[in-house]
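Notes for the one structure printed next.
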Amino acid sequence: MGRVQRPARLEGEIQLPPDKSISHRALILNALARGEARLQNLSPARDVQSTAACLRQLGVELGQGWIRGRGPEGLHQPSGPLDCGNSGTTMRLLAGLLAGRPLEATLIGDASLSSRPMERVAEPLRRMGAWVETSPLRVVGGRLRGAEHRLPVASAQVKSSLLLAGVQAEGATTVWEPAPTRDHTERMLAAMGADIAFGAGWVRIGPSELCPLDVTVPGDLSAAAFWLVAAALHPRARLRLPGAGVNPSRAALLDLLDQVGVRLRRLDQRRCGAEPVADLEVEGGVGLQPFQVGGELAAALIDELPVLAVLATGLTGTSRVTNAGELRVKESDRITTIGEGLRAMGATVRDAANGWEIEGPVQLRGARVSSCGDHRVAMALAVAGLVAEGTTEIVGADCVAVSYPGFWEQLEELCSRTG
Ligand code: S3P
């Protein structure tokens, strides 16, 4: 169980965990390439370990800091089901990878992952010529033909899955998204020599041989979000987060915090391979304004919405999220789970079908709350505990290891340092 109390101050430097999305892609794309790549600062998170274990089962050689692909033909028939654990990214991206190979594979996961929608990858992969069943997800791959896809939901996982199929298909594959999503796959494929063109909300890829790519993974901005919100709400906070990935397709959070009135600085903006990074500095704010998130912004902020609900409790007025129905099919139904946790702590949260409305400011009170097995809900409630009166106990706290294994240790260190 995670126990959190409000520290007198929140001050110091936090080493961010490596970006989870980029880590998955560094493994999966290099598994399709021919040759060895060095991987620095790869995420040790459980989800990324699930990807690594599945790739090993497919015959890919990888070890501490390296991976050796033998081209698409180097992937071989797995001897049993591929266990994706809690990781939607692993399951959906591997479905696209496998669709292009003459193999048969079953992809399984934990109870949460087994209940998440997989037709969204199955249907377009079938249109490219693969045989795909869902519940459980079973892929019988083979020769694919390129296709034009207009996706009904904005999902970087679905887009990436189709790009992994497209790179192995005959002819071009085009994906149109209803709202732009993270473009890490596109950037990495371009750096590996793929025949690819992309912009906000669209991407086109042709059959390509991939060169191995050394990757140094930047800090995870979705993990930084927890500390940024904690600092924004704490009256005496000053945190420094070096080396955060600030890819524009992920950085809507920074603009939203600016707009709310949080004192946030992006320093030493530079590149880390194909990805932009910066050092972030944030200070506690006063007179912060409520926010409205809807339309395309909801897709851009999808992983940050649980912790933005915590932020909303400290803002003067009504903050509103709409067009975020995808929250209901994440690791938990995040509209329900974050609402339950925050209401138990005294917040006024009104759930809606596709979002929520939160009245602030309220002084949160410590309570016993549940992560519902969802890493981002656990960490968002921990942030609520950092600004609440009294003690907050988070049941099911260990699930943070899915994306951020050192989270509780860092939180404890930060609180003990600053009293
Ligand atoms: C991810 C895409 C998003 C996000 C998830 C990671 C990725 O999921 O929520 O945490 O790495 O591509 P969707 O594609 O389902 O929106």
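For ligands, and for the atoms within them, numbers begin at 1 and follow the listed sequence.
In terms of protein heavy atoms, atom 14 (O) of ligand 1 is closest to Ser155 OG, 2.6 Å. Of the protein's non-hydrogen atoms, the one nearest atom 1 (C) of ligand 1 is Gln157 NE2, 3.6 Å. Closest to atom 10 (O) of ligand 1, if we only count protein heavy atoms, is Asp303 OD2, 2.8 Å. For atom 11 (O) of ligand 1, the closest non-hydrogen atom of the protein is Ser21 OG, 2.7 Å.
Closest heavy-atom approach to atom 12 (O) of ligand 1 within the set Arg120, Glu331, Glu304, Arg25: this belongs to Arg25. Of the candidates Lys330, Arg376, Glu326, Arg182, it is Lys330 that places a heavy atom closest to atom 8 (O) of ligand 1.
Between Lys20 and ligand 1, not a single N/O pair is under 3.5 Å apart. For the pair Ala156 and ligand 1, the shortest N or O to N or O distance falls below 3.5 Å. The distance criterion of under 3.5 Å between nitrogen or oxygen atoms is not met by Arg116 with respect to ligand 1.
Taking the charged nitrogens against the carboxylate oxygens, Lys20 and Asp220 have no contact shorter than 4.0 Å, which rules out a salt bridge. Classification of Lys159 and Asp183 as a salt-bridged pair fails, no side-chain N sitting under 4.0 Å from a carboxylate O. By the 4.0 Å N-to-carboxylate-O rule, Arg126 lies close enough to Glu119 to be salt-bridged with it.
Ser208 places a side-chain N or O within 3.5 Å of a backbone atom of Asp195 that can act as its donor or acceptor partner.
Close contacts of ligand 1 with Ile302, meaning ligand atoms under 4.0 Å from a residue heavy atom, involve 9 (O).
The closest approach between Arg92 and ligand 1 falls below 4.0 Å for a heavy atom of the residue.
Crowding of Trp202 atom CH2: a count of heavy atoms from other residues, nucleotides or ligands under 6.0 Å exceeding 12. Residue-environment remark: CZ (Arg187) exceeds the threshold of 12 foreign heavy atoms within 6.0 Å.
A side chain to side chain contact (heavy atoms under 4.5 Å, CB included) with Ile14 holds for exactly one of Leu241, Leu411, Leu280; it is Leu241.
Heavy atoms only, all atoms of each residue included: Val329 and Pro117 are closest at CB-CD, 3.8 Å.
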